[in-house]
Amino acid sequence: MRLSQLVGQRIKEAPRDAQSASHVFLIRGGYCRPVSTGIYSLLPLGQRICAKVEAIIREEMNRIDGQEILMPVVLPAELWEESGRYQSVGPELLRFKDRNDKAMLLAMTHEEAVCQLARTEINSYKQLPSMLYQIQTKYRDEARPRAGLIRVREFTMKDGYSFHASQECLEAYYARCHEAYERIFQRVGMSECISIEADSGMIGGAVSHEFMAIADCGEDTIFVSPDGSYKANRECAVSHLVYDTSAPLPLEKVATPGTKSIEDVAAFLGVEPSQTGKAVFYTDSEGKLVFVCIRGDIEVNEAKLKKLLKSPQLVFASDAEIEAAGAVPGYASLLDIDCAKIRVVVDRSFAESANLVVGANEADFHTRNFNFARDLSEAARAQIQVADIATVREGDPCPVTGEPLRMLKGIEVGNIFQLGTKYSAAMSCTYLDQDGKAKPFIMGCYGIGVGRTMAAVIEQNHDEYGPVWPMAVAPYHVHICALNIKQDNVREVSEKLYADLQAAGIEVLFDDRGEKAGFMFNDADLIGVPLRVIISPKTLEEGKVEFKRRDSRDKEMIDVDRVFSYLTEAVAEAL
RNA sequence: CGGGGUGUAGCGCAGUCUGGUUAGCGCGAGUGGUUUGGGACCACUAGGUCGGGGGUUCGAAUCCCUCCACCCCGACCA
């Protein structure tokens, strides 16, 4: 490709709102352009990279016996009514009507569509296991798209669905897919991509992993133990905190005027926040009050709490709601609450710590030396749910090794999930087993965001000047910069090298624009092609051209008649 | 949905507070010329519903009302 003809200009200034490296360079380098909030067009450079990412995904999916299909983006609402998701999914599902007033939707994922396909196409246990996948557009009406291609509304995703006759078969295939994902992310040049335990959401119980590209701009928070034996999303991470188990001391009511927050109480009484307990009130999806107790220094993990309560929504309760339940906001206590009337959830940190300072359920008073097991009746405790609803903090002890956990930020580039029969059972998606009975498929599903992967590769492979593409996904293999192309020898050598490399199947970008050197070099940095050849009158005088790798500052002089073989070898080596 | 912010040329911005000829600047684009190893220079040219609508005024990018779009933080995220 001649750069003079390439559509998609490099831009000197970054977009005003761009924060992350990938956002800045994708726009500045001419890889993509915004069309609307969270909706982008891919320019030739971006499209070439995505096509290479997709090709790698295809190879690896085919290698684990995946069969590529293509399902529609527009689906009839009735299909989603079968699974119940037409009602249960929120406004991120874009619903609309066609000209006949029929309810339609833009697919955000394809479990329903694939079940509809599978129930007519896969009939017998003899056909199992089976995996269907597609690389296709998805639409999610995200509340807040951000960071360029990292969080968007319309995006290309590889989604795969596997069908099994047994849980064992699903688990075995899931493991194969996990390995395929590891190969994919390694092959696209992700330097740090780890799979972590993920929150399985409202489905509950099922196994799920997220593949996280480690990057500071990532939206997810991950906890890992130093030896890598434990890796989990903050949404579901657990830690092995050590609780104070000293002997219970007598209860003591103390005046604590004007101390509503944990910091105030702890400071006033001269204790650590970890020696206090706090009360947090939520209102669940049905509008019912939930009273939550947790050690003062620990935050409630709302993802865990939602899962426990089976409530997709939780909001902090108002003071009026708290008072209506007979509690005093800021000084609430379990001691005076009728646990039969209100739902109470207690974190283990609260239930197992000795001698906590808790509210006295009277304004400006607290109670010292609260001990859950001692101070609540057996009847009261029977009404209370004790569970892990704590948010893990950096440095908390790893649940496996006890070492302090490290906290990292990650971009979720892929996830895999043991679905079970959630969709197949709801949608009569069955096969005939050996005994002649119809049984729902046991399913797995497996996703990868293509554009997000491209962005994540930049986050992990860039310098201050632009992306440093790994050869496997680079838009071109070789970038020829012809300095002073008006000069005959420069033009002849460049054109010949360009033609020869192309004939050899090398993907070449040829900067034939005759611009100033600095201008061309800056563009080349933004395009990030791994191998660069600079052809100029200066070096041609000695019969040489200059060779430079994008990931290095070193320059090498190569004889003109050797440069072709040198480049073809370098490309072959890097691929 | 809550909080904050921004809308002026393709992109980045000034001008708005304090209303007053023809609305500017940089980048980018086109033409001609000089340049040619890390975003050169000169000359000329094209490009604007100042987010939309309504109002105040002799006069509105500027003041008032209203709607919209976009961005940031949070909530949400199969």
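Ring geometry, A:Y40 versus A:H23: the interplanar angle exceeds 60°, so the pair is classed perpendicular (tilted spans 30 to 60°).
Of the charged side-chain nitrogens involved, at least one lies within less than 4.0 Å of a carboxylate oxygen, so that A:K138 and A:D159 count as a salt-bridged pair. Salt-bridge check for A:E299 with A:R393: failed, with every basic side-chain N at 4.0 Å or more from each acidic carboxylate O. Ion pairing between A:R153 and A:D141 holds under the 4.0 Å rule for side-chain N and carboxylate O. Residues A:R85 and A:E112 are paired through a salt bridge, judged by an N-O separation under 4.0 Å between the basic side chain and the carboxylate.
With both ends at atom C1', the span from B:rG38 to B:rC44 equals 29 Å, rounded to whole Å. B:rG28 sits 13 Å from B:rA46 when the C1' atoms are compared, rounded to a whole Å. Comparing B:rA14 with B:rU8, their P atoms are spaced 10 Å from each other, to the whole Å. Between B:rC50 and B:rA61, the distance separating the two P atoms is 7 Å to the nearest Å. Between B:rG7 and B:rG51, the two C1' atoms lie 6 Å apart (nearest whole Å). Atom C1' of B:rG32 sits at a distance of 26 Å from the matching atom of B:rG24, rounded to the whole Å. Only the P atoms considered, B:rU22 is 24 Å distant from B:rU18, to the nearest whole Å. The P atoms of B:rG47 and B:rG5 are separated by 37 Å, rounded to the nearest whole Å.
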Pairs under 3.5 Å (N/O, protein and nucleotides 43-46 of chain B):
none

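The nucleotide B:rG2 finds its pairing partner in B:rC73, both defining distances of the Watson-Crick or G-U wobble pair being shorter than 3.5 Å. Shown here, B:rA40 forms a base pair with B:rU34; the pair counts as Watson-Crick or G-U wobble because both key distances fall under 3.5 Å. Base pairing of B:rG7: its partner is B:rC68, meeting the Watson-Crick or G-U wobble criterion (both donor-acceptor distances under 3.5 Å). Pairing for B:rA60 is absent, judged as Watson-Crick or G-U wobble with the two contacts each under 3.5 Å.
A:E111 comes within 4.0 angstrom of nothing in the nucleic acid, heavy atoms only. Within the nucleic acid shown, A:I27 has no heavy atom closer than 4.0 Å to any nucleic acid atom. Within 4.0 Å of A:K138, counting heavy atoms only, lies no atom of the nucleic acid at all. As judged by a 4.0 angstrom heavy-atom cut-off over every strand, A:S83 is placed among residues making no nucleic acid contact. Within the nucleic acid shown, A:Q9 comes within 4.0 Å of sugar-phosphate atoms alone, with no base atom in reach, counting heavy atoms only.
For A:Q19 and B:rC71, the shortest distance from a side-chain N or O to OP1 or OP2 is not below 4.0 Å. At the phosphate of B:rC76, OP1 or OP2 sits under 4.0 Å from a side-chain N or O atom of A:K306.
Of the residues in residues 141-150 of chain A, A:A143, A:R144, A:P145, A:R146 come within less than 4.0 Å of RNA chain B through at least one heavy atom, sorted by number. Remark: A:R28, A:S36, A:T37 in residues 28-44 of chain A come within less than 4.0 Å of RNA chain B through at least one heavy atom.
When the P atom of B:rC1 is taken as reference, atom CD of A:E92 falls 14 Å away, rounded to whole Å. Atom CZ of A:R153 is separated from atom P of B:rA78 by 18 Å (rounded to the nearest Å). Put simply, NZ on A:K486 is 10 Å from P on B:rU35, counting in whole angstrom units. Regarding A:R513, its CZ atom lies at a distance of 10 Å from the C1' atom of B:rG39, rounded to whole Å.
Pairs engaging residues 518-529 of chain A under the salt bridge (charged side-chain N to carboxylate O under 4.0 Å, His left out) rule: A:R10-A:D523, A:R513-A:D523, A:D525-A:R532, A:D525-A:R550 [sequence neighbours left out]. Every pair tested for ring pair (Phe, Tyr, Trp, His ring centres under 6.0 Å) that includes a residue from residues 131-161 of chain A fails, sequence neighbours excluded, so the list is empty. Residue pairs meeting the ring pair (Phe, Tyr, Trp, His ring centres under 6.0 Å) criterion with at least one partner in residues 525-553 of chain A, sequence neighbours excluded, are A:F547-A:Y566.
Side chains of A:Y181 and A:H209: no donor on one and acceptor on the other come within 3.5 Å.
No hydrogens or angles were tested; on distance alone, nothing pairs the side chain of A:N484 with the base of B:rG37 as donor and acceptor under 3.5 Å. You'll find a donor-acceptor pair under 3.5 Å spanning the side chain of A:E546 and the base of B:rG37, going by distance alone.
The side chain to side chain donor-acceptor pair (under 3.5 Å) check on A:D551 picks up nothing, with sequence neighbours excluded. Qualifying salt bridge (Lys or Arg N to Asp or Glu O under 4.0 Å) partners for A:E492, counting only residues two or more places apart in sequence or in other chains: none. Residues that satisfy the salt bridge (Lys or Arg N to Asp or Glu O under 4.0 Å) test with A:E302, not counting sequence neighbours, are absent from this structure. Remark: A:E54 engages no residue in a salt bridge (Lys or Arg N to Asp or Glu O under 4.0 Å) (not counting sequence neighbours). Taking the salt bridge (Lys or Arg N to Asp or Glu O under 4.0 Å) definition, one finds that A:R119 meets it with A:E82, sequence neighbours left out.
Between A:F316 and A:Y282, the distance from one ring center to the other falls under 6.0 angstrom. With ring centers used as reference points, A:H164 lies under 6.0 Å from A:Y173. Between A:W469 and A:Y31, the ring centre distance stays below 6.0 Å.
Between A:C445 and A:K12, the residue anchored nearer the 5' end of RNA chain B, judged by the nucleotide with its closest heavy atom, is A:K12. Comparing A:P537 and A:H23 against RNA chain B, the residue whose closest nucleotide sits nearer the 5' end is A:P537.
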* Structure fact -> Its contact letters, B for base, S for sugar-phosphate only and - for none at protein heavy atoms under 4.0 Å, make nucleotides 4-14 of chain B read --S-----SS-

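Nearest to the side-chain atoms of A:S536 among the listed nucleotides B:rA78, B:rG37, B:rG39 stands B:rG37. Side chain of A:F519, nearest nucleotide from B:rG39, B:rG38, B:rA78: B:rG39.
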